[in-house]
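Atoms considered below: every heavy atom in the structure, side chains included; atoms not considered: hydrogens, waters and symmetry mates. In each ligand, atom 1 is the first atom listed, and ligand 1 is the first ligand listed.
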Amino acid sequence: MRRYQGGCHCGAIKVVFESAVEPADLEIRACGCGFCTRHSTRTITDPAGRLVLHAAKDAAVTYRFAMGITDFILCGQCGCYIGALMEDGGERVGIVNSRMLDDRTIFDAPATSRDYSAEDEDGRRARRHATWTPVTWEHDTDTA
Ligand SMILES: [Zn+2]
C-alpha cells in the first residue's frame with residue numbers, strides 16, 4: 001500500500017489515503033456538478049484502498065445538496081474542500097480531493113471529466129459502492 005498524507009491548509013483536518021494502485025493508474029476525476037466545478041476538484045478513489053479523515057473539534061463543515069445523500073467536507077477555518085463521504089447500509093465510502101495531499105503534484109495528470117447528472121439515487125449509490133474508498137471518519141470531541 002502506498003500512503004499519502006495531507007490535509008487542509010490550516011491543518012485542522014488531516015487526511016490519509018492508502019492505495020496499492022500505482023499513482024499513474026489512479027484515475028483523476030473532475031466531476032461536472034456545480035459544486036465541484038466551482039472548486040475545480042480533482043478527486044481520486046480506490047475501492048480496495050482506505051481513506052482516513054481526522055477533524056479537530058468543530059473544524060469540519062459538512063454540506064449537502066441535490067439528493068442530500070453526500071456529505072461534502074470542508075474546513076470551517078481555511079475553507080479547503082477535502083472530499084465527499086456517503087453512508088449506506090452502515091458503511092461509509094468516500095473520495096478525496098487530490099489537491100489536499102502533500103504529494104498533490106503526483107496527481108497532476110489531466111483529469112477525466114465526469115457527468116453524473118443523469119443518475120438516479122439507486123444508480124448513484126451503486127456506483128459509489130463499486131468505486132469509492134472505505135472511509136474512517138474521526139472527529140475530536142475535546143479541544144486538544
Ligand atoms: Zn483548514
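- For the residue pair Arg124 and Thr70, no side-chain donor N or O sits within less than 3.5 Å of a side-chain acceptor on the partner.
- Within the sub-2.8 Å shell of the Zn ion (ligand 1), the protein contributes these N/O/S atoms: Cys8 SG, Cys10 SG, Cys75 SG, Cys78 SG.
- With sequence neighbours excluded, the residues forming a side-chain contact (heavy atoms from CB on, under 4.5 Å) with His139 are Trp137, listed by chain and number.
- Using cut-offs of 30° and 60° on the angle between ring planes, the pair Tyr81 and Phe35 is perpendicular.
- The side chain to side chain donor-acceptor pair (under 3.5 Å) contacts involving residues 22-31 comprise Arg2-Glu22, Glu27-Arg29, Glu27-Thr112, Glu27-Arg114, where partners must be two or more places apart or lie in separate chains.
- Think of Tyr116 as one node in a network of Ile, Leu, Val, Met, Phe, Trp and Tyr side chains linked at under 4.5 Å; it has no links at all.
- The aromatic rings of Phe17 and Tyr4 sit parallel to each other, their planes meeting at less than 30°, with 60° as the upper class boundary.
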